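There's a structure below that I have some questions on.
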Amino acid sequence: GATRDGLTSYERVVERFEGLARRGRPGIASMRRVLEDRELLDGHLGLGFEDRVLRLLRAAGLPEPVRQHPLDIEGHRYYLDFCYPEVSLGVECDSRRFHTLGAQIEADLRRQNAIVRHGILLLRYTPRALRTEPERIIREVRDGLGRPR
(Lines give C-alpha, C1' and ligand atoms only; values in the text may rest on other atoms or scores of the structure.)
Protein backbone atom coordinates (compact mmCIF):
# COMPACT_ATOMS: atom_id res chain seq x y z
CA GLY A 1 0.00 0.00 0.00
CA ALA A 2 1.77 3.09 1.30
CA THR A 3 5.25 1.94 0.25
CA ARG A 4 4.02 0.96 -3.22
CA ASP A 5 2.32 4.35 -3.58
CA GLY A 6 5.50 6.19 -2.55
CA LEU A 7 3.98 7.64 0.64
CA THR A 8 6.66 6.06 2.83
CA SER A 9 9.56 3.63 2.65
CA TYR A 10 10.21 0.32 4.38
CA GLU A 11 13.11 1.97 6.20
CA ARG A 12 10.81 4.68 7.66
CA VAL A 13 8.23 2.07 8.69
CA VAL A 14 10.90 0.01 10.50
CA GLU A 15 12.29 3.14 12.16
CA ARG A 16 8.83 4.12 13.42
CA PHE A 17 8.10 0.56 14.56
CA GLU A 18 11.36 0.41 16.53
CA GLY A 19 10.50 3.75 18.17
CA LEU A 20 7.07 2.52 19.28
CA ALA A 21 7.73 -1.16 20.03
CA ARG A 22 7.34 -2.26 23.61
CA ARG A 23 5.74 -5.24 25.24
CA GLY A 24 1.97 -4.98 25.62
CA ARG A 25 1.50 -2.09 23.22
CA PRO A 26 -1.53 -2.74 20.96
CA GLY A 27 -0.64 -3.69 17.39
CA ILE A 28 3.07 -4.26 17.96
CA ALA A 29 2.91 -8.07 17.66
CA SER A 30 0.92 -7.82 14.43
CA MET A 31 3.28 -5.23 12.99
CA ARG A 32 6.30 -7.35 13.97
CA ARG A 33 4.85 -10.29 11.99
CA VAL A 34 4.28 -8.06 8.95
CA LEU A 35 7.85 -6.74 9.08
CA GLU A 36 9.28 -10.21 9.66
CA ASP A 37 7.34 -11.51 6.64
CA ARG A 38 9.08 -8.83 4.61
CA GLU A 39 12.45 -9.72 6.13
CA LEU A 40 12.90 -6.18 7.46
CA LEU A 41 13.84 -6.83 11.08
CA ASP A 42 17.08 -7.94 12.69
CA GLY A 43 19.16 -7.22 9.60
CA HIS A 44 17.51 -10.06 7.66
CA LEU A 45 17.43 -8.47 4.22
CA GLY A 46 16.96 -11.57 2.10
CA LEU A 47 20.22 -13.36 2.78
CA GLY A 48 19.22 -14.22 6.35
CA PHE A 49 16.17 -15.95 4.93
CA GLU A 50 18.36 -17.96 2.54
CA ASP A 51 20.57 -18.99 5.45
CA ARG A 52 17.52 -20.21 7.39
CA VAL A 53 16.27 -22.23 4.41
CA LEU A 54 19.72 -23.79 4.03
CA ARG A 55 19.74 -24.74 7.74
CA LEU A 56 16.32 -26.36 7.29
CA LEU A 57 17.51 -28.41 4.28
CA ARG A 58 20.62 -29.52 6.16
CA ALA A 59 18.69 -30.41 9.32
CA ALA A 60 16.37 -32.58 7.19
CA GLY A 61 19.41 -34.51 5.93
CA LEU A 62 18.93 -33.37 2.34
CA PRO A 63 21.96 -33.08 0.04
CA GLU A 64 23.87 -29.81 0.03
CA PRO A 65 22.58 -27.55 -2.76
CA VAL A 66 24.74 -25.23 -4.85
CA ARG A 67 24.18 -21.62 -3.73
CA GLN A 68 23.72 -18.82 -6.26
CA HIS A 69 23.96 -21.24 -9.18
CA PRO A 70 24.28 -19.36 -12.50
CA LEU A 71 22.07 -20.22 -15.47
CA ASP A 72 22.62 -18.67 -18.90
CA ILE A 73 19.29 -18.69 -20.75
CA GLU A 74 18.27 -16.76 -23.84
CA GLY A 75 21.06 -14.21 -23.44
CA HIS A 76 20.37 -13.61 -19.75
CA ARG A 77 22.29 -14.79 -16.72
CA TYR A 78 20.06 -15.83 -13.83
CA TYR A 79 21.15 -17.03 -10.39
CA LEU A 80 19.16 -19.60 -8.46
CA ASP A 81 19.29 -19.19 -4.69
CA PHE A 82 19.79 -22.96 -4.41
CA CYS A 83 20.21 -25.54 -7.13
CA TYR A 84 20.62 -29.27 -7.44
CA PRO A 85 21.96 -29.21 -11.02
CA GLU A 86 22.21 -33.01 -11.28
CA VAL A 87 18.41 -33.27 -11.07
CA SER A 88 17.50 -29.84 -12.55
CA LEU A 89 15.91 -28.62 -9.30
CA GLY A 90 16.00 -24.99 -8.21
CA VAL A 91 14.84 -23.50 -4.90
CA GLU A 92 14.10 -19.78 -4.63
CA CYS A 93 13.74 -17.77 -1.42
CA ASP A 94 11.24 -15.01 -2.15
CA SER A 95 11.54 -12.34 0.50
CA ARG A 96 8.86 -9.68 0.01
CA ARG A 97 11.53 -7.01 0.31
CA PHE A 98 12.77 -7.94 -3.16
CA HIS A 99 9.61 -9.30 -4.79
CA THR A 100 6.69 -6.91 -4.24
CA LEU A 101 6.78 -4.04 -6.71
CA GLY A 102 4.99 -4.41 -10.04
CA ALA A 103 8.20 -4.27 -12.08
CA GLN A 104 9.84 -6.83 -9.76
CA ILE A 105 6.88 -9.18 -10.10
CA GLU A 106 6.93 -8.90 -13.91
CA ALA A 107 10.69 -9.55 -14.00
CA ASP A 108 10.27 -12.51 -11.61
CA LEU A 109 7.59 -14.04 -13.84
CA ARG A 110 9.67 -13.65 -17.01
CA ARG A 111 12.66 -15.13 -15.18
CA GLN A 112 10.62 -18.03 -13.80
CA ASN A 113 9.12 -18.83 -17.20
CA ALA A 114 12.56 -18.87 -18.85
CA ILE A 115 13.98 -21.13 -16.13
CA VAL A 116 11.04 -23.54 -16.27
CA ARG A 117 11.18 -23.66 -20.09
CA HIS A 118 14.88 -24.48 -19.69
CA GLY A 119 13.82 -27.67 -17.89
CA ILE A 120 14.38 -26.67 -14.25
CA LEU A 121 11.76 -27.56 -11.64
CA LEU A 122 11.60 -24.30 -9.67
CA LEU A 123 10.28 -24.36 -6.10
CA ARG A 124 9.66 -20.96 -4.49
CA TYR A 125 9.20 -20.22 -0.80
CA THR A 126 8.45 -17.20 1.38
CA PRO A 127 9.51 -16.43 4.95
CA ARG A 128 5.95 -17.23 6.05
CA ALA A 129 6.17 -20.73 4.48
CA LEU A 130 9.45 -21.31 6.29
CA ARG A 131 7.94 -20.21 9.58
CA THR A 132 4.59 -22.01 9.31
CA GLU A 133 5.16 -24.98 6.96
CA PRO A 134 8.80 -26.11 7.12
CA GLU A 135 7.72 -29.75 6.74
CA ARG A 136 6.08 -28.90 3.38
CA ILE A 137 9.31 -27.30 2.14
CA ILE A 138 11.28 -30.40 3.14
CA ARG A 139 8.73 -32.73 1.51
CA GLU A 140 8.62 -30.76 -1.74
CA VAL A 141 12.40 -30.50 -2.04
CA ARG A 142 12.77 -34.20 -1.22
CA ASP A 143 10.12 -35.05 -3.84
CA GLY A 144 11.91 -32.82 -6.38
CA LEU A 145 15.19 -34.58 -5.71
CA GLY A 146 13.58 -37.99 -6.26
CA ARG A 147 11.44 -37.22 -9.30
CA PRO A 148 12.04 -39.19 -12.48
CA ARG A 149 13.90 -37.29 -15.16
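What you see is a predicted model, and the numbers here were worked out from it, not measured in a lab.
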Original post:
For the side chain of Arg147 and the backbone of Val87, is there at least one donor-acceptor N/O pair under 3.5 Å apart?
Top reply: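 Between the backbone of Val87 and the side chain of Arg147 there is a qualifying donor-acceptor contact (under 3.5 Å).
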**OP:** Compare every heavy atom of Val91 with every heavy atom of Asp81, then report the nearest pair and how far apart it is.
**Re:**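 Looking at all heavy atoms of both residues, the closest pair is CB-O, 3.4 Å.
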**OP:** Applying side chain to side chain contact (heavy atoms under 4.5 Å, CB included), run through Arg117 and Asn113 and close with a yes or a no.
**Re:** CA-CA 6 Å; Arg117 285 193 335 267; Asn113 290 345; 3.9 Å; yes
Original post:
Under 4.5 Å between any side-chain heavy atoms of Leu57 and Pro65, yes or no?
Top reply: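 With C-beta onward as the side chain, the pair touches.
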Original post:
Looking only at side chains, do Glu140 and Tyr125 share a donor and an acceptor under 3.5 Å apart?
Top reply: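 The criterion, which ignores hydrogens and geometry beyond distance, is satisfied for Tyr125 and Glu140.
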Original post:
Are the side chains of Val66 and Pro85 in touch, meaning some heavy atoms are under 4.5 Å apart?
Top reply: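 Yes. Closest side-chain heavy atoms under 4.5 Å.
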Original post:
With the 4.5 Å side-chain cut-off for hydrophobic clustering, are Val116 and Leu71 part of the same group?
Top reply: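 Yes, same cluster.
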**OP:** Compare all side-chain heavy atoms of Asp143 with those of Arg139 and state whether any distance is below 4.5 angstrom.
**Re:**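 Side-chain contact under 4.5 Å: yes.
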Original post:
Leu62, Phe49: one ILVMFWY side-chain cluster at the under-4.5 Å cut-off?
Top reply: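 Yes, same cluster.
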Subject >> Shortest non-hydrogen contact between Val141 and Leu89, atoms and distance >> reply: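 For Val141 and Leu89, the tightest heavy-atom pair comes out as O-CD2, 3.8 Å.
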Original post:
What pair of heavy atoms forms the shortest contact from Cys93 to Phe82, and how long is it?
Top reply: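 Heavy atoms of Cys93 and Phe82 come nearest at SG-CE1, 3.6 Å.
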Original post:
How would you list, by chain and number, every residue that makes a ring-ring contact (aromatic ring centres under 6.0 Å, His included) with Tyr78, sequence neighbours excluded?
Top reply: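 So Tyr78 forms a ring-ring contact (aromatic ring centres under 6.0 Å, His included) with His76.
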Subject >> Distance in Å, Ser88 OG paired with His118 NE2, rounded so as to fall on 0.5 Å steps >> reply: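 Rounded to the nearest 0.5 Å, the OG-NE2 separation comes out at 7.5 Å.
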Original post:
What about Leu121 and Ile115, same hydrophobic cluster or not, with Ile/Leu/Val/Met/Phe/Trp/Tyr joined at side-chain heavy-atom distances under 4.5 Å?
Top reply: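 Shared cluster, no.
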**OP:** Considering non-hydrogen atoms only, spot the tightest contact between Gly90 and Ile120 and give its length.
**Re:**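 Of all heavy-atom pairs spanning Gly90 and Ile120, the closest is N-CG2, 3.7 Å.
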**OP:** Side-chain contact test, heavy atoms from C-beta onward, threshold under 4.5 Å: evaluate it for Asp108 versus Glu106 and give yes or no.
**Re:**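 They are not in side-chain contact.
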**OP:** Any chance you could measure Ile73, atom CD1, to Arg77, atom CZ, to the nearest 0.5 Å?
**Re:**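 That separation rounds to 11.0 Å.
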Original post:
Rounded to the nearest 0.5 Å, how far apart are CD of Glu92 and CD of Gln112?
Top reply: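 Rounded to the nearest 0.5 Å, the CD-CD separation comes out at 9.0 Å.
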Original post:
With the threshold set at 4.0 Å, does a side-chain nitrogen-carboxylate oxygen contact exist between Arg142 and Glu135?
Top reply: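 Answer for the salt bridge query: no.
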Subject >> Salt-bridge criterion met for Glu50 and Arg67 (N-O under 4.0 Å) >> reply: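 A salt bridge is present here (some side-chain N lies under 4.0 Å from a carboxylate O).
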**OP:** Answer whether the closest heavy-atom distance between the side chains of Leu122 and Leu80 falls below 4.5 Å.
**Re:**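 Leu122 reaches Leu80 side chain to side chain.
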